[in-house]
Q: 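One structure is given below, represented as structure tokens, and several questions about it will come after.
Ligands are counted one by one from 1 in listed order, and the atoms in each one are counted from 1 as well. These numbers were taken from a predicted model, which means no experiment stands behind them.
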Amino acid sequence: MTKQVVLGSLRIGGDAPVSVQTMYDVPLSRLESNFASRMDVLKAMGCDVMRISYPDIKEHDQLERAVKECSMPVVADIHFDYRNALDAIKCGVAGLRINPGNIGDRWKTEEVVKAAKDNGLAIRIGLNSGSLPQNTKNLSVPRLMTDTALEYISWFENLGFYNTVVSLKASDPELTYEAYRHFASQSDYPLHIGVTEAGGTVTSCVRSTWTLGRLLEQGIGATLRYSITGCIEDEVTAGVELLRTLGLRKGGVRIVSCPMCGRKSFDSQSFLAQVQNRLLACKKDICVAIMGCQVNGPGEAKGADIAIAGIGRKAFLYKKGEIYCEVGIEEAEDRLFELIDTL
Ligand code: SF4
């Protein structure tokens, strides 16, 4: 078991459940007016940590507002300028993500570590395969990543700082996998796992699931992120789904939906896109099926607590395999959630 790290109200590592992270996809200079409600939805979907890029202290007020309005612990992502890290601490963030190799003089990183310690923050040492120190000993990349992370950890420990999480990311899934495995064999600090720059939704889901799934099965990984060129809601959906599939997160709606075929008489794809995030935010431990036709759909969805199948502009709702009611497609979403509420 790894050490446990405190990130605001969250515990990472040790006996804490594996947490899911994503990264805010809008520059702070354009912080959305609906930021708070968007964060609430992501949290309800199963997100635990929000990382926010903080490249410029001119955005102090926006970061401060984001921290106040975010229903999850916020981690400020800092590149190059240690002053941004010190300022982010003043804004109330729960953690910092830094790569000491990008900060410059050692004293600058030390200022950050001391301030993090004084204010009870966590630090993620975020190493990427593309930004490693010179490989003077001709080590393999996983070995170089591990040795570099261990050097930083011991430096931080000499400053009396232990609230550290490590990430060792690469865009190559096998390299990422080997780096995490190697680190886990050498250290009991908790790991934030992920494949970086992993591509669009489909590509990232394949690469990340293959890599993270194998690590998690070996007990490696305390917190994770799917890195997707796409929307962050998908990153959270994928992360939560992986944990549920591995039995590492319980509860919530298990969505079943048919692959659709030539018999489809209902646009189940659009309907699923319309209701998915709302279903994922529901905490009931139930199965909901969305099927493309009324001929085979109900039979195929027999195991579901609630099912919906349609013909053209009509939808049929099923409860525990029995037909419950017929509704117009316009009211199908509302009636579906009313029915879920009865369970
Ligand atoms: Fe095809 Fe209907 Fe089965 Fe969907 S539920 S795969 S549309 S037969």
Q: Does a salt bridge link K320 with D305, judged by any charged N lying under 4.0 Å from a carboxylate O?
A: yes

Q: Report yes if some heavy atom in the side chain of V165 is under 4.5 Å from a heavy atom in the side chain of Y189; otherwise report no.
A: no

Q: Are E111 and R83 ion-paired here, with the side-chain N under 4.0 Å from a carboxylate O?
A: no

Q: I'd like to check the ring pair (Phe, Tyr, Trp, His ring centres under 6.0 Å) partners of Y177; sequence neighbours left out, ordered by chain and number.
A: none

Q: For atom 2 (Fe) of ligand 1, report each protein N, O or S atom nearer than 2.8 Å, sorted by chain and then by residue number.
A: C293 SG

Q: Looking at D25 and R38, is any side-chain nitrogen of the basic one under 4.0 Å from a carboxylate oxygen of the acidic one?
A: yes

Q: Within the structure provided, determine whether C325 and R335 are in side-chain contact (heavy-atom separation under 4.5 Å).
A: yes

